[in-house]
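Encoded as structure tokens, the structure appears first; notes follow it.
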Protein chains: 2
Amino acid sequence: MHDTGLAEASGLKAAGCRNVTPVLNRIGDKWSVLIVMILARRAHRFNELKREIDGISQRMLTLTLRGLERDGLVDRSVEPTVPPRVTYSLTELGQSLIEPVEALGRWAFAHIDCIRAAQQRFDAAIDADVPAQAGAPGALRAIA
Amino acid sequence: MHDTGLAEASGLKAAGCRNVTPVLNRIGDKWSVLIVMILARRAHRFNELKREIDGISQRMLTLTLRGLERDGLVDRSVEPTVPPRVTYSLTELGQSLIEPVEALGRWAFAHIDCIRAAQQRFDAAIDADVPAQAGAPGALRAIA
DNA sequence: CCGTATCCTGGTGGATACTG
DNA sequence: CAGTATCCACCAGGATACGG
């Protein structure tokens, strides 16, 4: 395992985390990654995105798009026709994000079964330990 | 319908996203990645983690740890001494997460300046467009 | 030391109605 | 079409107190 990166002893610990955190906040939110992945295929217009995602509110689409634009990941171009024609696309920076995100996606895809199995084992163990009746004070089990 | 690669040029549709989303919810939360990265260096005991993170509440530490354990990323071992000695460490699965997360970390580190520059440009443009007086209805600008 | 139970607040995000 | 403005429900998560 090459250790070129973050987890190296002391140096990058705090520094590395402080750099990753804001990025995580962005890609960790409900819609950003999804939008980036959709725009990775091709540029989309506003309502095109809204239809494709379906489940997102206008508000959140606008907000997320603004955030991505602010971070320089997405480009917003307006053709001053009437009605206005607004097209969203990935910037170079945005495209460079695809690779690490896909790496994560591949990891998720590769291990999803493993994770689900672990979850079921865990939940089963809980039930075994706690044959408790309804209403009994549980053990912080808001996990399930 | 097994799509081996997540995002071939045109690929990555809903199926891929549904696999990534739960993972994103985990690594996207406030503490999970941080904990995983700390445990990547060495196993820690509960209060050791609490001290190292400092800013986290017991509640969230417990909750996050439980979540990671449930997903099979973290192993919790209790030595039945008194007082109890509980040690948390990464499982194999947990260790395999380090690589893609570090990839993201490297991306963040490499582009953080670029992002901050974009943000400042964006904010400056907003201020230029809106020399508005205080109290004026702004344009969804809860971004800054 | 390692948690759990309870209370409470602030922010996230959905629904809805309105505009250019 | 492409947003904005406003209201509101929900719950993540901090503070605190207690228990094995």
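Everything numeric in this text was worked out from a predicted model, so none of it was measured.
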Is there a side-chain contact (heavy atoms from CB on, under 4.5 Å) between R66(A) and E69(A)? Walk through the geometry before answering. CA-CA 5 Å; R66(A) 282 283 183 281; E69(A) 190 194 354; 4.0 Å; yes

May I have the step-by-step check of side-chain contact (heavy atoms from CB on, under 4.5 Å) for L34(A) and I56(A), ending in yes or no? CA-CA 11 Å; L34(A) 188 51; I56(A) 195 172; over 6 Å; no

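Contact check, R85(A) against dC1(D): no side-chain N or O comes under 4.0 Å of OP1 or OP2. Between Y88(B) and the phosphate of dG3(C), there is a side-chain N or O to OP1/OP2 separation shorter than 4.0 Å.
One atom, CZ of F46(A), and another, P of dG20(C), lie 18 Å apart when rounded to the nearest Å. Between the CG atom of L65(A) and the C1' atom of dA2(D) there is a distance of 11 Å, given to the nearest Å. Across the protein-nucleic acid pair, K50(B) atom NZ and dC2(C) atom C1' stand 12 Å apart, rounded to whole Å. Summarising the geometry, the separation between CG on N25(A) and P on dG11(C) is reported as 14 Å, rounded to the nearest angstrom. Here the C1' atom of nucleotide dG13(C) and the CG atom of L34(A) are 16 Å apart, to the nearest Å. Whole-Å rounding puts the N47(B) CG to dT4(C) P distance at 13 Å. The interatomic distance linking E69(B) (CD) with dC2(C) (P) rounds to 15 Å, in whole Å. For the pair R66(A) CZ and dG13(C) P, the computed distance is 17 Å after rounding to whole Å.
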Under-3.5 Å N/O pairs linking protein and nucleotides 13-20 of chain D:
unit_1, atom_1, unit_2, atom_2, d
dG13(D), N7, R59(B), NH2, 2.8
dG14(D), OP1, K30(B), NZ, 3.1
dG14(D), OP2, S57(B), OG, 3.0
dG14(D), O6, R59(B), NE, 3.4

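A 4.5 Å side-chain heavy-atom check between I27(B) and L24(B) finds at least one atom pair inside the cut-off. Side chains of R70(A) and D123(B) form a contact here, defined as non-hydrogen atoms less than 4.5 Å apart. Between Y88(B) and I35(B) there is no side-chain heavy-atom pair separated by less than 4.5 Å.
Few gaps surround CD on E48(B); more than 12 heavy atoms of other groups in view lie less than 6.0 Å from it.
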